[in-house]
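Some notes on the structure that comes next.
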There are 2 protein chains.
Amino acid sequence: MLSKKTKYALHALTYLGKHKDEGTVLIHDIAEEYGISHKFLENILLELRKAGYLGSKKGKGGGYYLIKEPKDIPLSRIIRLLDGPIALLPCVSLNYYEPCSECKDEFKCGINKVMVQVRDETLKILENKSLADILSGE
Amino acid sequence: MLSKKTKYALHALTYLGKHKDEGTVLIHDIAEEYGISHKFLENILLELRKAGYLGSKKGKGGGYYLIKEPKDIPLSRIIRLLDGPIALLPCVSLNYYEPCSECKDEFKCGINKVMVQVRDETLKILENKSLADILSGE
DNA sequence: ATAAACCCTATAAAATAAATAGGGTTTATA
DNA sequence: TATAAACCCTATTTATTTTATAGGGTTTAT
């Protein structure tokens with residue numbers, strides 16, 4: 001399951017996508033719309049901005065706005081950013097690899113081999129779904 | 001990511017699959033093979049037995065053994081048993097459904113719609129990989 | 001009888017996720 | 001130029017979940 005952080009990030013991106021022609025959007029408005037803690041959401045938006053998905057304007061009249069096209073924001077990226085690995089085991093993660101301590105030889109491990117396949121097929125799904133798909137369903 | 005519980009369950013099932021013609025297998029032997037705590041593994045094997053994947057024999061000379069064909073043990077079942085939902089959000093889980101508190105109308109939620117698709121495609125992958133696939137990779 | 005081995009429930013420890021706190025900086029505007 | 005609005009940043013606390021341990025109970029071959 002996704003963490004609440006990632007779920008809230010998706011909600012925020014959706015909201016920003018729906019209001020992309022209205023200039024900046026306040027954290028406050030997003031937080032209120034979904035009943036999310038203002039401060040918790042603030043941290044999430046900060047991460048999304050640092051990762052290059054959002055822009056922000058400081059000071060009075062400021063706020064956040066999308067700086068990428070919804071079609072260029074795949075689920076896989078958002079999940080990795082906020083939740084970490086998509087792979088089911090550390091030993092098959094492309095971005096967060098770690099060996100499994102109980103495994104003598106990764107290349108002789110049947111679990112490893114199957115999980116590589118699962119990872120590749122799962123990734124295909126998550127790379128092909130983007131914020132644009134979410135927006136077109138609203 | 002899978003919990004260690006699920007990962008250990010897969011190791012145990014793999015071990016039992018490899019030794020299926022040798023009668024019962026001791027918890028101790030599996031725990032030693034993978035460096036897993038005996039007691040932690042015991043709980044896992046207990047769950048697998050209660051769920052109908054393993055049989056056990058009590059008393060001296062007892063142990064565990066597979067009572068299903070490896071091809072009839074899909075990853076999806078093991079993951080659901082030990083880790084819970086496969087869906088990425090509670091609102092799209094088939095077996096562990098819960099509404100999202102922040103969502104006014106699930107049927108108008110673009111995230112929900114996309115996640116239903118992700119769930120179905122992911123499930124297809126995990127239902128089509130079984131212990132047999134793991135064993136053939138060892 | 002005895003020791004080996006699984007059975008079962010409860011609890012503790014560790015790790016992670018979720019939320020909160022509190023002040024800092026920037027900027028439009030009166 | 002004072003003010004208030006709004007984002008910026010780091011640290012800490014709280015809650016939840018995961019991982020591991022504890023301790024005895026029951027069954028069974030020898």
Side-chain angles (χ1 to χ4, degrees), chain A residues 1-12 16 23-32 34-51 53-67 79 81-85 88-90 96 98 100-102, chain B residues 1-12 16 23-32 34-51 53-67 79 81-85 88-90 96 98 100-102:
Chain A
M1 298 267 274
L2 299 178
S3 67
K4 288 195 179 179
K5 219 168 163 183
T6 300
K7 184 167 67 162
Y8 292 162
L10 293 175
H11 279 304
L16 288 165
T24 63
V25 171
L26 301 183
I27 296 177
H28 177 82
D29 291 349
I30 304 175
E32 192 158 74
Y34 301 107
I36 306 171
S37 143
H38 178 103
K39 280 296 198 178
F40 192 32
L41 182 60
E42 188 172 6
N43 288 328
I44 295 166
L45 293 177
L46 206 57
E47 282 196 71
L48 289 170
R49 181 182 62 75
K50 284 180 181 167
Y53 298 103
L54 305 182
S56 64
K57 220 179 137 210
K58 285 185 193 169
K60 195 174 179 181
Y64 282 97
Y65 50 94
L66 267 187
I67 57 174
I79 293 174
L81 178 66
L82 295 155
D83 260 7
L88 293 182
L89 294 179
Y96 302 84
E98 273 183 60
C100 291
S101 61
E102 77 278 9
Chain B
M1 298 267 273
L2 298 179
S3 67
K4 288 193 178 179
K5 219 168 163 181
T6 300
K7 185 169 66 163
Y8 292 161
L10 292 174
H11 279 303
L16 288 165
T24 64
V25 171
L26 300 184
I27 295 176
H28 176 83
D29 291 349
I30 304 174
E32 191 158 75
Y34 301 107
I36 306 171
S37 143
H38 177 104
K39 281 294 196 178
F40 192 33
L41 182 60
E42 186 171 11
N43 287 329
I44 294 166
L45 294 176
L46 207 55
E47 282 195 72
L48 288 170
R49 182 182 60 77
K50 285 180 180 168
Y53 299 103
L54 304 183
S56 64
K57 220 178 140 212
K58 286 184 194 171
K60 194 173 179 183
Y64 282 97
Y65 51 94
L66 267 186
I67 57 175
I79 293 174
L81 178 66
L82 295 155
D83 260 6
L88 293 182
L89 294 179
Y96 301 84
E98 272 184 61
C100 290
S101 61
E102 78 277 11

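In the text below, chain A, chain B and the rest are named by the order of the sequence lines, each starting its count at 1.
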Scanning all shown strands, the Watson-Crick or wobble mate of C/dA18 with both distances under 3.5 Å is D/dT13
Comparing B/Gly59 with A/Lys50, nearest DNA chain D nucleotide closer to 5' gives the residue A/Lys50
To the nearest angstrom, the CE-C1' distance between A/Met1 and D/dT16 comes to 14 Å
In whole angstroms, the gap separating C1' of D/dT3 from NZ of A/Lys60 amounts to 8 Å
Out of D/dC7, C/dA28, C/dA18, minimum distance to the side chain of A/Lys5 belongs to C/dA18
Smallest heavy-atom separation, A/Ala9 atom then A/Ile44 atom, equals CB-CG2, 3.7 Å
To the nearest angstrom, the CZ-C1' distance between A/Arg49 and C/dT25 comes to 12 Å
- Query: Hey, is A/Glu47 close enough to A/Lys50 for a salt bridge, meaning N to O under 4.0 Å?
  - Reply: no
Under 4.5 Å between any side-chain heavy atoms of B/Leu89 and A/Met1, yes or no? no
Distance col, row A/Lys4:NZ vs A/Ser37:OG, nearest 0.5 angstrom, shows 11.0 Å
**OP:** Scan A/Lys7 against the nucleic acid and name what it touches under 4.0 Å (heavy atoms): base, sugar-phosphate only, or nothing.
**Re:** nothing
In whole angstroms, the gap separating P of D/dA6 from OH of A/Tyr65 amounts to 16 Å
Pairing partner of D/dT30, by Watson-Crick or G-U wobble and under 3.5 Å for both distances, is C/dA1
Rounded to whole Å, NE2 of B/His28 lies from P of C/dC7 at a distance of 17 Å
Output for pair (B/Leu41 CG, B/Tyr8 OH), nearest 0.5 Å, gives 9.5 Å
One should read off an interatomic distance between A/Thr24 OG1 and A/Asp29 CG, to the nearest 0.5 angstrom, of 9.5 Å
Contact check, residues 35-47 of chain B vs DNA chain D, heavy-atom distance under 4.0 Å, returns B/Ser37, B/Lys39, B/Phe40, B/Asn43
Separation of C/dT26 atom C1' from A/Leu26 atom CG, nearest Å, is 15 Å
task: Please state whether the phosphate of C/dA5, meaning OP1 or OP2, lies under 4.0 angstrom from any side-chain nitrogen or oxygen of B/Thr24.
output: no
For A/Asp83 and A/Leu2, the nearest pair of non-hydrogen atoms, with its separation, is OD2-CA, 3.3 Å
inquiry  = Looking at D/dC8, I'd like to know if its phosphate oxygens (OP1 or OP2) sit under 4.0 Å from a side-chain N or O belonging to A/Tyr64.
reply    = yes
Residue pair A/Tyr8/B/Gly61 against DNA chain C: nearer the 5' end by closest nucleotide is B/Gly61
N/O (side chain, A/Ser3) to phosphate O (OP1/OP2, C/dT16) under 4.0 Å: no
Of the candidates D/dA6, D/dA29, D/dT27, the side chain of B/Lys58 sits closest to D/dT27
To the nearest angstrom, the NZ-C1' distance between B/Lys57 and D/dT30 comes to 12 Å
